[in-house]
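Contents: one structure, followed by commentary.
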Amino acid sequence: MQPKNLQRLLRALGRQGLDVTYSDVYDGLRLRTYSVRLANSPDTPAAEVLLPEGFPVEAKALKQLANLANVRHPAGGCVCRACATPDFHPGDAGVAIGSVVETVDQVIPGAVGSDINCGMRLHVADLTIDEFLKKRDLFVERMKGDYFFGTRDVTMTAHTMRALFQYGVPGWLDAMLDNATGSVVKSDLQQLSQECDRIFLDGSMNGNWKLAPAELVPDDGLVRDGGLGTIGSGNHFVEVQRVDKVENRALAHAWGVREGQLAFMIHSGSRNVGKYIGGMWRDRAKAAWPQGLKYPESHIFPLSAHSHPELVASYLAAEATAANYGFINRLLLAELLRLRLREVYGDIEAPLVYDLPHNITLPSADSGDKANSQSKIARWVTRKGACPAYVGQPVIIPGSMGAYSYLMVGKGNPAFCHSASHGAGRVRSRFELNRKGASHTEAELGLTGVDCITLREERRIEEAPAAYKPIQSVIDVQVEANMVDVVARLSPILTFKA
DNA sequence: ATGTGC
């Protein structure tokens with residue numbers, strides 16, 4: 001940006017009450033960062049924003065981020081660190097997508113939002129693309145049946161449903177194993193169970209999932225659920241891909257990933273469960289704001305661990321309930337696809353590579369250490385539209401439809417709250433692309449050659465490549481900033497959008 | 001994000 005334009009932008013942001021510092025050097029590298037805080041709150045942390053090459057910062061998103069960094073409960077609790085990933089953009093509930101905050105003695109339900117545990121899941125399969133394409137039509141027909149018409153309702157016992165909410169994937173599988181018969185094959189469930197041990201019981205979740213309130217499901221009888229095994233809308237999808245290029249052979253090998261393999265990537269969440277719980281707790285946090293004090297201007301309400309530890313615990317329990325539902329939803333979407341792969345192409349294992357939550361509250365990476373446990377400081381990290389990127393752990397970043405996606409490894413950069421982007425970042429609204437009278441050609445939308453399977457044409461348009469930043473600039477800047485490193489690049493074959 | 005909703 002020209003110095004003159006930059007000065008103008010900074011002055012405009014200043015008029016909106018923002019104190020902004022711009023730098024084109026970060027950590028000795030030529031990277032663009034903004035550091036932002038509310039001018040009237042100099043004692044709150046400045047939020048760090050990393051930007052990709054060639055895209056201006058959005059004032060509204062900066063304001064939302066500064067507001068979030070300033071959230072503090074009068075009874076005790078504050079934000080100790082805040083940042084935004086390079087795909088960040090304004091959110092409709094006052095919190096920007098791509099925001100990450102670390103909090104002390106408070107949790108902020110609104111900073112997770114209502115799309116609880118939306119996230120990514122990646123599988124690979126030993127099948128060449130040529131083999132896949134030979135029976136592509138049959139495979140697609142069956143998947144359409146599963147994803148668009150098939151499993152509208154999943155019926156299970158109240159016991160199984162409770163296990164799902166309370167104990168997550170491992171507990172749910174145990175409950176399934178108890179009465180697995182017929183089409184539910186025990187050996188399959190046992191295999192899944194082992195995968196879950198690897199993913200969910202590796203300590204990263206700190207047992208956080210065993211908190212869900214029991215009263216959410218009936219004691220006995222059958223429960224019909226309409227959300228499990230459904231993709232959802234917006235940017236959610238299931239995509240068949242090719243492992244196009246392996247950049248880190250050692251890690252790819254360790255994770256079971258090889259060049260030329262078929263892969264499938266799932267981006268989905270907790271559907272109505274998260275919406276219900278996220279909305280309910282946004283209201284409850286507001287209602288718990290101290291009587292007689294005026295509301296914070298941002299209307300983002302924290303729950304204090306000082307004045308209301310029981311509300312903090314209940315919220316985390318409710319959030320975990322929805323998170324469990326999200327994990328199992330992605331698992332079922334993967335199982336449906338794996339089932340059809342086997343039917344159409346023969347005995348293929350299609351193992352899980354990893355599964356990651358985008359919208360969730362986790363114990364802070366620092367909270368488990370000795371100093372913290374002695375001082376009894378409660379710390380959390382809350383992400384909204386950002387991917388965990390802890391040292392050595394897999395990171396999955398999808399590009400837009402038709403673009404590459406990336407399997408990466410986290411570098412655990414504390415300046416960016418051990419996080420990475422959750423995608424390329426939207427630059428044009430759904431409304432803008434779909435409004436009456438607007439007509440874009442396939443080429444203008446970037447849809448040429450994209451194999452998108454959907455029942456609704458508007459989905460293709462709203463989610464067209466032209467609606468997003470190019471992924472490469474977003475990946476590059478995060479590699480340069482030492483947040484992540486590329487392990488493998490994946491190219492799209494076909495995409496299911498509901 | 002939400003079997004969306006002015």
Side-chain angles (χ1 to χ4, degrees), chain A residues 60-61 64 68 85 87-100 108-121 144-155 224-238 266-283 300 318-319 321-327 329-330 332-333 356-361 382-387 398 400-401 421-438 454-463 467-468 496-498:
Chain A
K60 188 178 174 188
Q64 290 181 342
L68 182 62
T85 54
D87 59 339
F88 103 126
H89 57 93
D92 58 9
V95 179
I97 319 299
S99 303
V100 187
I108 310 171
V112 175
S114 57
D115 186 16
I116 297 168
N117 191 14
C118 143
M120 300 303 305
R121 186 178 174 97
K144 276 166 89 168
D146 293 328
Y147 283 165
F148 303 149
F149 309 113
T151 52
R152 283 319 303 180
D153 292 299
V154 174
T155 303
R224 284 177 60 177
D225 183 280
L228 286 172
T230 61
I231 296 174
S233 57
N235 59 354
H236 289 175
F237 65 83
V238 175
I266 294 165
H267 183 194
S268 185
S270 54
R271 314 292 281 106
N272 260 335
V273 176
K275 183 189 186 249
Y276 172 76
I277 287 173
M280 179 169 73
W281 279 92
R282 196 189 305 273
D283 295 345
I300 307 169
E319 196 202 287
T321 304
N324 285 333
Y325 189 92
F327 280 127
N329 186 37
R330 287 198 289 278
L332 286 174
L333 288 166
L356 287 152
H358 286 159
N359 299 344
I360 208 159
T361 306
T382 296
R383 296 185 177 84
K384 185 186 177 69
C387 186
S400 58
M401 232 197 289
S421 81
H422 82 315
R426 186 174 273 283
V427 286
R428 295 169 77 186
S429 72
R430 281 169 231 182
F431 175 75
E432 186 187 337
L433 286 165
N434 232 349
R435 76 181 137 210
K436 274 207 173 83
T454 182
L455 301 179
R456 303 164 82 176
E457 184 63 16
E458 65 268 28
R459 290 276 179 255
R460 292 179 78 241
I461 297 164
E462 291 162 356
E463 296 299 317
Y468 289 86
F496 296 96
K497 301 277 298 184

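Letters A, B, ... are given to chains in the order of the sequence lines, protein chains preceding strands, and every chain is numbered from 1.
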Original post:
Checking side-chain contact (heavy atoms from CB on, under 4.5 Å) for the pair A:Tyr276/A:Thr321: CA distance, chi angles, key distance, verdict?
Top reply: CA-CA 11 Å; A:Tyr276 172 76; A:Thr321 304; over 6 Å; no

**OP:** Could I get the full list of side-chain contact (heavy atoms from CB on, under 4.5 Å) partners for A:Glu463, not counting sequence neighbours?
**Re:** A:Asn235, A:Met401, A:Arg426, A:Arg430, A:Tyr468, A:Lys497

Subject >> Phosphate-side-chain proximity, A:Ser114 and B:dT2, N/O vs OP1/OP2 below 4.0 Å >> reply: no

**OP:** Could you tell me whether A:Asp92 contacts a base, only the sugar-phosphate backbone, or nothing, with contacts defined as non-hydrogen atoms closer than 4.0 Å?
**Re:** base

**OP:** Round to a whole Å and report the spacing from CG of A:Leu228 to C1' of B:dT2.
**Re:** 16 Å

Subject >> 5' priority, DNA chain B, between A:Glu458 and A:Glu463 [closest heavy atom] >> reply: A:Glu463

Original post:
NA contact type, A:Gly278, heavy-atom cut-off 4.0 Å: base, sugar-phosphate, or nothing?
Top reply: nothing

**OP:** Rounded to the nearest angstrom, tell me the gap between atom CD in A:Glu462 and atom C1' in B:dT4.
**Re:** 10 Å

Original post:
What integer distance in Å separates A:Ile277:CD1 from B:dT2:C1'?
Top reply: 14 Å

Original post:
Looking only at heavy atoms, which two atoms of A:Ala61 and A:Pro90 are closest? And how far apart?
Top reply: CB-N, 3.7 Å

Subject >> Under the side-chain contact (heavy atoms from CB on, under 4.5 Å) test, residues paired with A:Ser421 that sit two or more places apart >> reply: A:Thr85, A:Pro86, A:Asp87, A:Ile397, A:Val474, A:Gln478

Subject >> Length of the line joining A:Ile97:CD1 and B:dT2:P, which is rounded to integer Å >> reply: 12 Å

**OP:** Using a heavy-atom cut-off of under 4.0 Å over every strand shown, decide if A:Arg459 touches base, sugar-phosphate, or nothing.
**Re:** base

